[in-house]
Asks: 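Sharing a structure here in structure tokens format.
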Amino acid sequence: MQQHCEPEDMALLALGEQNQPCQEHVLSCPQCRQEFDQLCEVVTLGRASGGPDSLVEPSPELWERISSQLDTEPVALHTDVKALAEPSPSGGENVIPMARRKRTLPRWTGLVAAAAAGILMGGAVVATITGQDTPSSVVASAELTPMPDGPDRGGQAEASLNRTDNGYTITVKASDIQGPEGFYEVWLLDGENSGLIALGSLAPGEKEATFPVPDGVDLSAFNAVDVSDEPLDGDPTHSTVTVLRGTLQT
Amino acid sequence: MVSLLAPPVRRASAICETRFMSDLDVAEIGRQLAAGDESALAEAYQRWSRLVYTVALRSLPTAADAEDVTQTVFISAWRSRHNFNPEAGNVPAWLLAITRRRIADHHRKRRDEVSLEHAPEALTQDADISDQVSVADEIDELGEPAGQIIRLAFFDDLTHQQIAHKLDMPLGTVKSHIRRSLQRMRSRLEVTHAAAL
């Protein structure tokens with residue numbers, strides 16, 4: 001009997017990739033078979049799930065309905081991402097620390113200011129995954145330029161803040177930019193506090209990438225888009241090597 | 001001086017770290033909730049109302065039913081917070097267990113009303129729905145590039161070679177992300193199933 005499959009190979013097999021030796025082994029080894037069946041279950045469920053973008057937010061009023069029945073003081077859902085970085089000690093408002101993202105609808109309607117954050121997905125990928133083309137309108141834009149003392153990678157780049165039916169997105173377009181030493185990461189920058197929100201990385205050679213903006217980002221503060229060259233060192237913080245930056249303007 | 005604005009400092013930014021909720025954060029919400037901190041419930045709502053609502057929405061006939069169930073789930077969670085043992089389970093699994101009970105209640109009520117006999121079927125279906133939504137939620141938690149790799153593998157049906165090519169990553173890196181991500185989703189399911197018992 002062939003020795004046990006490599007865990008990576010078994011994962012790929014569960015995804016449906018061809019691997020004859022591994023497949024034959026799994027069929028004949030009860031231990032691997034059990035492991036394999038569990039991975040297959042995950043893959044089947046994942047594929048049937050519609051993916052994370054198919055998860056639906058309840059209406060914004062629902063929390064108020066719940067909160068009013070708790071027999072406690074009403075608890076506010078925080079609306080400002082800066083509160084995440086610096087939970088206010090008190091000050092009357094009840095700010096909740098540790099939130100990953102605010103899930104309710106933005107409260108700054110009418111005060112369209114600037115930028116935001118999200119997870120990397122190329123526009124084409126977004127369309128494929130969600131299966132829908134969300135119409136969007138540009139509400140602010142920025143020309144991204146090299147820093148005076150930073151590296152100049154040539155080319156041209158711009159960023160735009162777009163409003164869609166599902167919230168805000170940021171699109172970064174770049175052409176003829178030289179390749180990074182590590183990889184290019186896109187950030188939102190709070191000019192006053194040098195706070196940073198990582199949006200995601202720019203795939204090599206990608207000319208245009210759109211990032212969904214999580215609700216709750218204070219767009220009047222996080223109004224600059226920054227592109228950094230990140231070394232492949234696993235450190236999630238900014239490398240301080242800014243290659244492009246620009247402030248979003250309406 | 002490298003920039004016009006204050007230069008970004010290489011530091012462990014609190015914001016960066018909140019991009020993906022760590023297991024530690026999840027455990028902390030559980031401890032705070034069990035201790036009766038109502039802001040922990042708000043936190044749990046922000047984080048997992050989508051999970052609960054989506055399961056309800058896929059299990060029940062109307063959005064209004066799903067909102068009712070979601071409301072009941074969070075109120076039940078608050079009122080029974082003393083029964084939640086943060087050492088034994090995590091909040092999302094516990095919320096889903098409550099969700100499934102509330103959905104079952106709803107089916108039971110409906111069956112009584114229209115005397116349908118499909119309750120056992122509905123229960124199996126509900127378990128699948130809750131598993132699917134849990135996996136989708138876990139994909140959302142993976143962080144990048146793992147999340148993108150899994151999306152490409154799951155929903156675009158790309159092979160690991162195609163993903164490596166598309167993202168310009170070494171094959172080994174892609175394979176290892178895939179393995180780790182599948183394992184994470186599997187662990188998530190195990191915790192969810194344990195809480196449902």
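Chain identifiers are assigned alphabetically (A, B, ...) following the order of the sequence lines, protein sequences preceding nucleic acid strands; residue numbering begins at 1 within each chain.
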Asks: Side chains of A:S59 and B:E67: do they bring a donor and an acceptor to under 3.5 Å?
Replies: yes
Asks: Hey, are B:R186 and A:E35 close enough for a salt bridge, meaning a charged N less than 4.0 Å from a carboxylate O?
Replies: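 A:E35 and B:R186: salt-bridged.
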Asks: Please check this pair: side chain of B:R179 against backbone of A:P7, looking for a donor-acceptor N/O pair closer than 3.5 Å.
Replies: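 Not a single qualifying donor-acceptor pair exists.
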Asks: What residue in B:L41, B:L51, B:D37, B:V133 has the most heavy-atom pairs under 4.5 Å with chain A?
Replies: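 So the answer, after comparing B:L41, B:L51, B:D37, B:V133, is B:L41.
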Asks: Please report the interatomic distance CG(A:L45) to OG(B:S134), rounded to the nearest 0.5 Å.
Replies: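 With rounding to 0.5 Å, CG (A:L45) is 9.0 Å from OG (B:S134).
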Asks: Within the structure provided, determine whether B:F74 and A:S67 are in side-chain contact (heavy-atom separation under 4.5 Å).
Replies: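 No. Closest side-chain heavy atoms not under 4.5 Å.
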Asks: Under 4.5 Å, heavy atom to heavy atom: which of residues 168-178 of chain B reach chain A? Give them by number, or say none.
Replies: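 The residues closer than 4.5 Å to chain A, in numerical order, are B:D168, B:K175, B:S176, B:I178.
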Asks: Mark yes or no for whether A:R47, through its side chain, and B:A153, through its backbone, hold a donor-acceptor pair below 3.5 Å.
Replies: yes
Asks: Starting at CG of A:L70, measure out to CZ of B:R79 and round the result to the nearest 0.5 Å.
Replies: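 The CG atom of A:L70 sits 7.5 Å away from the CZ atom of B:R79.
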Asks: Within the 4.5 Å heavy-atom criterion, are B:Q132 and A:T44 side-chain neighbours or not?
Replies: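 No, every pair of side-chain atoms sits at 4.5 Å or beyond.
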Asks: At a 4.5 Å cut-off on heavy atoms, which part of A:L15 comes close to chain B: side chain, backbone, both, or neither?
Replies: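 Looking at A:L15, just its side chain touches chain B.
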Asks: Closest approach of B:Y45 and A:L62, non-hydrogen atoms and distance?
Replies: OH-CB, 3.4 Å
Asks: Evaluate the side chain to side chain contact (heavy atoms under 4.5 Å, CB included) criterion for residues B:D68 and A:R65: first the C-alpha distance (whole Å), next the side-chain angles of each, then the deciding distance (0.1 Å), finally the verdict.
Replies: CA-CA 10 Å; B:D68 286 347; A:R65 273 160 60 190; 3.2 Å; yes
Asks: Which heavy atom of B:A136 sits nearest to which heavy atom of A:S49, and what is that distance?
Replies: CB-OG, 3.7 Å
Asks: By a 4.5 Å heavy-atom criterion (distance strictly below it), what part of B:L189 contacts chain A: side chain, backbone, both, or neither?
Replies: side chain
Asks: If contact means a heavy atom pair closer than 4.5 Å, which residues of residues 53-64 of chain B contact chain A?
Replies: B:Y53, B:T54, B:L57, B:R58
Asks: Rounded to the nearest 0.5 Å, what's the gap from CE on A:M10 to CG on B:L182? Could you check?
Replies: 11.5 Å
Asks: So, for A:Q69 and B:I75, which heavy atoms are closest and what is the spacing to 0.1 Å?
Replies: OE1-CD1, 3.3 Å
Asks: Counting heavy-atom pairs closer than 4.5 Å to chain B, which one of A:P146, A:A14, A:A48, A:S228 comes out on top?
Replies: A:A48
Asks: Rounded to the nearest 0.5 Å, how far apart are CG of B:D140 and CG of A:D53?
Replies: 7.5 Å
Asks: Look at atom CD of A:E143 and say whether more than 12 heavy atoms of other residues, nucleotides or ligands are closer to it than 6.0 Å.
Replies: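 No, CD of A:E143 has 12 or fewer neighbouring heavy atoms, counting only those of other groups under 6.0 Å.
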Asks: Report the distance from atom CD of A:E41 to atom CE of B:M185, rounding to the nearest 0.5 Å.
Replies: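 Here the rounded value is 12.5 Å.
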Asks: Can you tell me how far the CD atom of A:E17 sits from the OG1 atom of B:T159, to the nearest 0.5 Å?
Replies: 5.0 Å
Asks: If we only count heavy atoms from C-beta on, is the A:E8 to B:H160 side-chain gap below 4.5 Å?
Replies: no
Asks: Shortest non-hydrogen contact from A:P52 to B:F155?
Replies: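 That closest heavy-atom pairing would be CD-CE1, 4.5 Å.
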Asks: Please flag which part of B:I150 lies under 4.5 Å from any non-hydrogen atom of chain A: side chain, backbone, both or neither.
Replies: neither
Asks: Is there side-chain contact between B:T70 and A:W63, with heavy atoms separated by less than 4.5 Å?
Replies: no
Asks: Decide if atom CD of A:Q34 counts as having more than 12 heavy atoms of other residues, nucleotides or ligands within a radius under 6.0 Å.
Replies: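 At most 12 heavy atoms, drawn from other residues, nucleotides or ligands, come within 6.0 Å of this atom.
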